[in-house]
J.: 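Have a look at this one.
Residue numbers begin at 1 in each chain, while the letters A, B, ... track the order of the sequences.
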Number of protein chains: 2
Amino acid sequence: MQETGSSPRTGAHTDLPPFGHAVGFLLAQLGFSISRQFGGLLAGFGIEPRHFGLLRLLHAVEGLPQNVVADRLQIPQSTLVSLIDHLEERGLAERRPDPHDRRARTLHLTSSGAALMADSTRVATEFEFDVICAGFTPEERSDLLNCLQRVAANLGITQGIHPGLHHGPGPVPWCPPEGAEP
Amino acid sequence: MQETGSSPRTGAHTDLPPFGHAVGFLLAQLGFSISRQFGGLLAGFGIEPRHFGLLRLLHAVEGLPQNVVADRLQIPQSTLVSLIDHLEERGLAERRPDPHDRRARTLHLTSSGAALMADSTRVATEFEFDVICAGFTPEERSDLLNCLQRVAANLGITQGIHPGLHHGPGPVPWCPPEGAEP
DNA sequence: TATTGTTATACTCTATAACTATA
DNA sequence: TATAGTTATAGAGTATAACAATA
């Protein structure tokens with residue numbers, strides 16, 4: 001199975017740049033993988049991560065008008081509309097008229113929505129401890145958490161703001177798979 | 001600052017679920033932020049992360065036909081075509097006829113492409129050490145790297161495979177920004 | 001008949017801008 | 001006049017399927 005002449009060099013996995021050993025590269029890789037896998041878990045609940053983000057906000061603070069919610073999620077109002085439509089169709093959230101402003105509509109979790117939040121939060125917690133941090137002692141996990149928070153500070157991440165996540169089938173890779181074949 | 005009646009509860013930032021303290025959440029957040037910022041760095045070179053991934057593969061192993069490259073990147077061949085077109089227009093890569101198979105075309109880095117890889121790799125390394133890992137001792141960084149590799153193993157990430165990355169303007173958030181306002 | 005690379009096409013998601021109803 | 005929510009529209013990006021050349 002050896003080629004001659006102008007055949008491609010083999011052994012790509014050996015001479016790729018040091019990215020595989022870089023914190024930044026690993027973080028990008030892990031972040032995307034986690035988002036994807038978490039999305040897979042949410043699929044069992046009939047929602048996607050973006051809906052989860054909205055539900056989570058509604059769970060935390062109910063009764064906000066849509067424009068405020070859109071502001072907090074840092075998405076355009078028009079995008080929010082379709083998210084709410086989705087949740088409302090599934091009976092997880094609902095719009096109510098704002099008693100103070102007849103233009104506005106406030107957002108609320110239904111009891112189904114609250115139940116879903118409880119269930120999905122449990123699943124997420126299991127994912128955290130049983131998968132992501134499997135084999136970590138509490139101290140190790142705590143140390144890791146600390147390091148990640150330092151990195152977050154280095155990157156200028158305020159608190160819990162982060163932009164987005166995988167939705168569709170899957171975009172183009174950053175880096176060629178190295179471990180695919182011998 | 002207390003409301004009555006049907007007004008929204010305030011203090012969202014205090015009663016959001018424990019995700020802000022979760023490794024998984026932080027990793028997702030960091031991964032996305034890093035991808036974005038790295039994308040910003042690449043913009044200075046006139047390419048996007050997906051092109052970087054392709055260039056990186058070509059840099060590692062030159063002369064592969066397109067179908068093999070598409071396989072390695074785990075993208076459809078049709079998607080690869082537009083990526084190559086982009087690189088070829090910029091003189092960073094080129095297609096050559098495959099001497100063994102007249103259907104196939106092999107992919108190669110140009111000297112400009114090689115130069116760009118050298119430059120962008122340097123920038124990426126600076127990003128790694130001066131930003132992401134700023135304030136870390138070599139030991140701390142090494143420990144972090146170890147932890148992240150353990151997490152990667154937990155998630156079933158073989159070696160360097162990871163699916164994708166942010167392209168466009170920006171998708172919908174996972175989680176409502178918590179630190180936005182008091 | 002199968003395969004390589006390309007093109008054509010449909011689909012998804014996002015964002016901007018028009019539109020309505022209130023304020 | 002400005003604002004809340006909605007709808008319409010356009011744009012970017014991906015994936016599937018048809019296609020031409022070659023194996």
J.: Can B:Ser35 and A:Phe32 be said to form a side chain to side chain contact (heavy atoms under 4.5 Å, CB included), step by step?
T.: CA-CA 9 Å; B:Ser35 291; A:Phe32 197 88; over 6 Å; no
J.: How many whole angstroms separate atom CG of B:Leu83 from atom C1' of D:dA12?
T.: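 Rounded to the whole Å, the gap is 14 Å.
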J.: Is the phosphate of D:dT6 approached by A:Gln66 (side-chain N or O, under 4.0 Å from OP1 or OP2)?
T.: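 For D:dT6, OP1/OP2 do have a side-chain N/O of A:Gln66 under 4.0 Å.
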J.: Between protein and nucleic acid, restricted to nucleotides 17-23 of chain C and to nitrogen or oxygen atoms under 3.5 Å apart, what atom pairs and distances do you find?
T.:
unit_1	atom_1	unit_2	atom_2	d
C:dA23	OP1	A:Arg102	N	2.9

J.: As a test of reading the structure: which of C:dG5, D:dT6, D:dT16 is closest to the side chain of B:Pro65, going by heavy atoms?
T.: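 Closest nucleotide among those given: C:dG5.
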J.: A:Thr79 side chain: which of D:dG13, C:dT4, C:dT14 is closest?
T.: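 The answer is C:dT14, which lies nearest to the side chain.
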J.: Expressed as a whole number of angstroms, how long is the span from B:Gln77:CD to D:dA20:C1'?
T.: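 Nearest whole value for this atom pair: 14 Å.
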J.: Whole Å only: how far is the CD1 atom of A:Ile75 from the C1' atom of D:dT6?
T.: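 Taking CD1 of A:Ile75 and C1' of D:dT6, I get 14 Å after rounding.
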J.: Which sits closer to the 5' end of DNA chain D, B:Pro76 or A:Ile84, going by the nucleotide each is nearest to?
T.: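 Closer to the 5' end of DNA chain D: A:Ile84.
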J.: B:His86 NE2 to D:dA12 C1': how many Å, rounded?
T.: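 The answer, rounded to whole Å, is 14 Å.
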J.: Roughly, in whole Å, what's the span from CG in A:Asp71 to C1' in D:dA4?
T.: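 It works out to 12 Å between those atoms.
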J.: Below 4.0 angstrom, N of the basic side chain to O of the carboxylate: do B:Glu139 and B:Arg141 qualify?
T.: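 Here B:Glu139 does not pair with B:Arg141 in a salt bridge, since their nearest N and O are not under 4.0 Å apart.
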J.: Tell me: CD of A:Glu88 to P of D:dG5, nearest whole Å?
T.: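 That distance rounds to 13 Å.
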J.: So, is B:Arg105 close to the C:dT3 phosphate, meaning a side-chain N or O under 4.0 Å from OP1 or OP2?
T.: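 So the side-chain polar atoms of B:Arg105 never come under 4.0 Å of the phosphate oxygens OP1 or OP2 of C:dT3.
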J.: Looking at B:Asn67, I'd like to know whether one of its side-chain N or O atoms comes within less than 4.0 Å of OP1 or OP2 on C:dG5.
T.: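 So the side chain of B:Asn67 is within the cut-off, an N or O lying under 4.0 Å from OP1 or OP2 of C:dG5.
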J.: Could you tell me the separation between the CG atom of A:Leu80 and the P atom of D:dT7, rounded to a whole number of Å?
T.: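 So the CG-P distance, A:Leu80 to D:dT7, works out to 13 Å.
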J.: Step through it carefully: locate the ring centre of B:Phe52, locate the ring centre of B:Phe38, and say whether they are under 6.0 Å apart.
T.: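 Ring centres of B:Phe38 and B:Phe52 closer than 6.0 Å.
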J.: Hey, are B:Arg96 and B:Glu94 close enough for a salt bridge, meaning a charged N less than 4.0 Å from a carboxylate O?
T.: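 Salt bridge: yes.
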J.: A:Glu48 has a side chain; which of C:dC13, D:dG13, D:dT7 sits nearest to it?
T.: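 Of all the options, the side chain of A:Glu48 is nearest to C:dC13.
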J.: Hey, are the side chains of B:Val69 and B:Ile84 touching, using non-hydrogen atoms and a 4.5 Å cut-off?
T.: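 A side-chain contact is absent here, since even the closest heavy-atom pair is not under 4.5 Å.
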J.: How close do B:Ala22 and A:Glu128 get, heavy atom to heavy atom, and via which atoms?
T.: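 In terms of heavy atoms, the two residues are closest at CB-OE1, 3.4 Å.
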J.: Check step by step if side chain to side chain donor-acceptor pair (under 3.5 Å) holds for B:Ser33 and B:Gln29.
T.: CA-CA 6 Å; B:Ser33 178; B:Gln29 205 172 0; over 6 Å; no
J.: Rounded to whole Å, please give me the gap between CG in B:Asp98 and C1' in C:dT4.
T.: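 One finds 10 Å between C1' of C:dT4 and CG of B:Asp98, rounded.
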